[in-house]
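First the structure, in the form of structure tokens, and then the observations on it.
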Protein chains: 2
Amino acid sequence: FIFRVFLVGDQLSWSRRAAAEAEEVAAISCSGHGRVYLDSFRVDADKPPVCECYACFVGPDCSQTLTDCVADADGGNPLFLEPFWMRNAASSAVLTAGWHRLGYSFSDGSFISEELEKHIRQLHDIVGNAVTQGRYIIFGVGSTQLLNAAVHALSAQNSSSPANVVASIPYYPIYKQQTEFFRATDFNFGGDASLWRNNSDATTSLIEFVTSPNNPDGQLKEAVLHGPNVKYIYDRVYHWPHFTAISAQADDDLMLFSISKITGHGGSRFGWAVVKDENVFQRMTAYVSMNTMGVSRDTQLRTLQLIKVVLKDGGKEIFDFGYTTLRSRWEKLNETLSISKRFTLQEIGAQYCNFFNKIRGPSPAYAWLKCEREEDKDCYAVLKAAKILSRRGSLFGAEEQYVRLSLLKTQDDFDILVHRLKELISEGGAIPMAEM
Amino acid sequence: FIFRVFLVGDQLSWSRRAAAEAEEVAAISCSGHGRVYLDSFRVDADKPPVCECYACFVGPDCSQTLTDCVADADGGNPLFLEPFWMRNAASSAVLTAGWHRLGYSFSDGSFISEELEKHIRQLHDIVGNAVTQGRYIIFGVGSTQLLNAAVHALSAQNSSSPANVVASIPYYPIYKQQTEFFRATDFNFGGDASLWRNNSDATTSLIEFVTSPNNPDGQLKEAVLHGPNVKYIYDRVYHWPHFTAISAQADDDLMLFSISKITGHGGSRFGWAVVKDENVFQRMTAYVSMNTMGVSRDTQLRTLQLIKVVLKDGGKEIFDFGYTTLRSRWEKLNETLSISKRFTLQEIGAQYCNFFNKIRGPSPAYAWLKCEREEDKDCYAVLKAAKILSRRGSLFGAEEQYVRLSLLKTQDDFDILVHRLKELISEGGAIPMAEM
């Protein structure tokens, strides 16, 4: 039983082709305004893959600027962390052998990598953002899958009336969309949580989503409803030092996390739930099994390596980088908007962070922008006319005076957003892109 | 715009660590009776990962045989293809960079790799098992996710009565389990398809699962129901030359496939649907988006590489190997059982295969075993007493005289199964494992 094979000099055998191909593709220049991947489109099989340019850039190497383009601040693509992974290329790469985990189950019969679960618990320990000791962990295909798995698990079966799923406004749109989309007999969407505050009907069970920090506005929300008929799903995906001060270890009954908002790997579709109650754990596990037979083992392998990189210096590099990037974007956005009274942003205070051991200013994932002028009732339309794509307030259950702007995307995306906002505020019209 | 970076001699840079680590782990011996993976459990971070031994083998290098162990023929883990991937180590490895596809969407805004979709169409073309030209393709987290996505898409919303999901006995258990588990208002499980043959109620809509070749019995099923109220989901996951003669390109309205049953990568959770109708395509796409925001981009990248390996010789090597392996298992099993009248197997005829250009004998994925003795009404219990774990006939809607035995697992698993069957048939009791 010999572990260490000495790799004499530079000799690799079967892994060499994959390694060389990855380096070749990575060396293709997309001018810093795009990216090329191993599975980017190829004109034919013998040709190299083609650059995928970021919004507002075109050309074979993405070097041409589209002066007329729209600043897309709609989605939450967490590309702000890409530079961290390019800097940590060597430690974060994963080589997956062709025979890696063909089977459905791990050796304990589960769909969950024990090694990854152990590392997730370590991650929470070093960050100090959640209690995991004595808690169950369930993996999901993104926290997206776990939202509905949690609703399923907390709804009573065969109850006389379905559970009402609620959230306080403004709330993440998927809570409503998903609950309605699956059209299950055991739960309905019940709208704004505060409407149920004086509910005296003891037979109505309520499931409240509590998102803290909140998407869209970054506020540290607390539950609105209380009582024996209320159960909670704490969506904690933004409860990391990039986005908020860590003031305590969260210890809620059911908490959701997502790799997307820690390492930035939204495309990997990996999330987890931390759960106190064994019965809820079992029901959520059954949901994930019945729905997808667990989470891709390829993704579990990659996520393990990513978390190892985060852990190697106690999280210092990635959270410093993430915080510094978002903090500077937030300051820049505030500065840009401060010269006018037309738009306002949410207010978030400075707070002491146990992870950084200091008081830190706000660095939210999204701006929750309000159009203040009487005539700007449809804020989305106002921005759209100024070539800014935002997400409508009504999707979050809020008024149309509000929109969400994503601050999580590439630096190019953010710079173009600020540029378009400056143009809008100056009302003088276009400012050349070169000056942005 | 320079594509080819010359890798001088053996020089690799950032990819070297991952490649070397993969080779080190792959070089750990598990005696051919187990496997060790990059994410196998480690006693501590500085220790090498620990071998995961196949059933009936133990010890740090899996070299000790457990003489008393159970032959597990329950699950469908497609490990029979593992030797193919070990032989094709160099061409099948994938190195995933730390910055690979952080974002949620591909450059066309979808959750689907265009390059992978193109290769899937090529795969169907070279095998000749399905028409894909002019058809839509949807990716899912295994065909598992797509089963329910299809049921959702084919059920009318706001109909006066829910659709009945049916399948002819024996059927794959998940159809029933999933349909019941999600407790949707728009569909119910309606049981055996043939019970609905004389249904004259024009308001009852029916969704028939047609599995061909069938799980568990390998038969080429056809639809049982006909009429304007019937819609079909053709589960074609076994419609590949490993398992069945390819006599025509299937051209059903909605067909499901899974990488698990082509390349053996059950753990990767990747399946696809081929769909004619645009509205059904849109509804299934919406389901996958709402449920999981698509399929892991890590898995899409790996699947692309695996399909490239399959395609490189027109599928010859993998399908020859898969067919030869399963064909010899089927012959061995028939031979083993033929010395007694206690058990019988399903009968499948030889058939001309367009892919192999010859008549080929049966090579099913599963044995559908019947206990013939009057007193052996509970065939599962009969086998269990003989240390054989099967899957109960009742799960497939059939009688308990039937069980399913998986023939898809490792050669060790199959050999132990044959050994236990020989013991059972001889009724003389234990045969030493060394003689198996």
Side-chain angles (χ1 to χ4, degrees), chain A residues 1 3 5 7 10 12 14-15 17-20 22-24 27 39 41 48 52 60-61 77 79 82 85-86 89-90 92-99 101-104 107 113-115 141-142 144-145 178 181 183-185 264-269 290 292-293 296-299 301-302 304, chain B residues 1 3 5 7 10 12 14-15 17-20 22-24 27 39 41 48 52 60-61 77 79 82 85-86 89-90 92-96 98-99 101-104 107 113-115 141-142 144-145 178 181 183-186 264-269 290 292-293 296-299 301-302 304:
Chain A
F1 182 77
F3 170 56
V5 173
L7 296 164
D10 268 355
L12 290 169
W14 58 269
S15 69
R17 183 210 53 79
E23 293 209 12
E24 278 181 26
D39 58 356
F41 180 75
E52 303 182 11
D61 63 351
N77 269 349
L79 288 164
E82 201 182 56
W85 296 107
M86 305 205 77
S92 61
V94 176
L95 192 136
T96 310
W99 62 86
R101 296 204 182 278
L102 272 69
Y104 294 106
S107 54
S113 158
E114 188 181 355
E115 191 68 5
V141 184
T144 312
Q145 183 184 37
Q178 222 186 37
F181 188 90
R183 298 176 55 80
T185 52
H265 292 79
S268 291
R269 313 310 309 129
M290 199 58 79
T292 60
M293 292 196 193
S296 165
R297 314 319 175 241
D298 313 337
T299 289
L301 172 63
R302 186 172 185 223
L304 173 63
Chain B
F1 181 75
F3 171 55
V5 172
L7 296 163
D10 267 355
L12 290 168
W14 58 269
S15 70
R17 183 210 54 78
E23 292 209 12
E24 279 182 24
D39 58 355
F41 180 75
E52 302 182 12
D61 63 351
N77 269 349
L79 287 164
E82 200 182 57
W85 296 107
M86 306 204 77
S92 62
V94 176
L95 192 136
T96 311
W99 62 86
R101 296 205 182 277
L102 271 69
Y104 294 105
S107 54
S113 158
E114 187 181 357
E115 191 68 6
V141 184
T144 312
Q145 184 184 35
Q178 223 186 37
F181 187 89
R183 299 174 57 77
T185 52
D186 298 323
H265 293 80
S268 290
R269 314 309 309 127
M290 199 56 79
T292 60
M293 291 195 193
S296 165
R297 314 319 176 241
D298 313 336
T299 289
L301 172 63
R302 188 173 182 221
L304 173 63

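No experiment lies behind these values; they were computed from the predicted model shown. Labels below follow one simple rule: chain letters A, B, ... track the order of the sequence lines, proteins then strands, and each chain is numbered from 1.
Nearest heavy-atom pair across B:Asn77 and A:Tyr104 is OD1-N, 2.6 Å. What you find for A:Trp14 and B:Glu23 is that their closest heavy atoms are N-OE2, 3.2 Å. Minimum heavy-atom separation, B:Ser296 to A:Ser296: CB-CB, 4.3 Å. Residues B:Ala93 and A:Ala18 approach most closely at O-CB, 3.4 Å, considering heavy atoms. Of all non-hydrogen atoms in A:Leu95 and B:Ala22, the two that sit nearest each other are CD2-CB, 3.6 Å. For A:Trp85 against B:Trp99, the heavy-atom pair with the smallest separation is O-CE3, 3.7 Å.
The part of B:Arg302 that comes within reach of chain A is its side chain, from C-beta onward, which places non-hydrogen atoms under 4.5 angstrom from that chain. If you measure heavy-atom distances from A:Arg17 to chain B, the contacts under 4.5 Å come from the side chain alone. Looking at B:Glu114, only its side chain comes within 4.5 Å of chain A, counting heavy atoms on both sides. Looking at B:Leu304, only its side chain comes within 4.5 Å of chain A, counting heavy atoms on both sides. Only the side chain of A:Ser113 comes within contact range of chain B, judged by heavy atoms closer than 4.5 Å. Contact of A:Ala97 with chain B is made through the backbone alone, with heavy-atom distances under 4.5 Å.
Taken to the nearest 0.5 Å, the OG1 atom of B:Thr299 stands 4.0 Å off from the CG atom of A:Asp298.
Most heavy-atom pairs under 4.5 Å with chain A: of the set B:His265, B:Arg183, B:Glu115, B:Gln145, this distinction falls to B:Arg183. The greatest number of non-hydrogen atom pairs below 4.5 Å with chain A, out of B:Met290, B:Met293, B:Arg297, is found for B:Met290.
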Evaluate side-chain contact (heavy atoms from CB on, under 4.5 Å) for A:Thr185 paired with B:Thr185, printing each intermediate quantity in order.
-> CA-CA 6 Å; A:Thr185 52; B:Thr185 52; 3.6 Å; yes

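The closest side-chain heavy-atom distance from A:Arg101 to B:Asp39 is below 4.5 Å.
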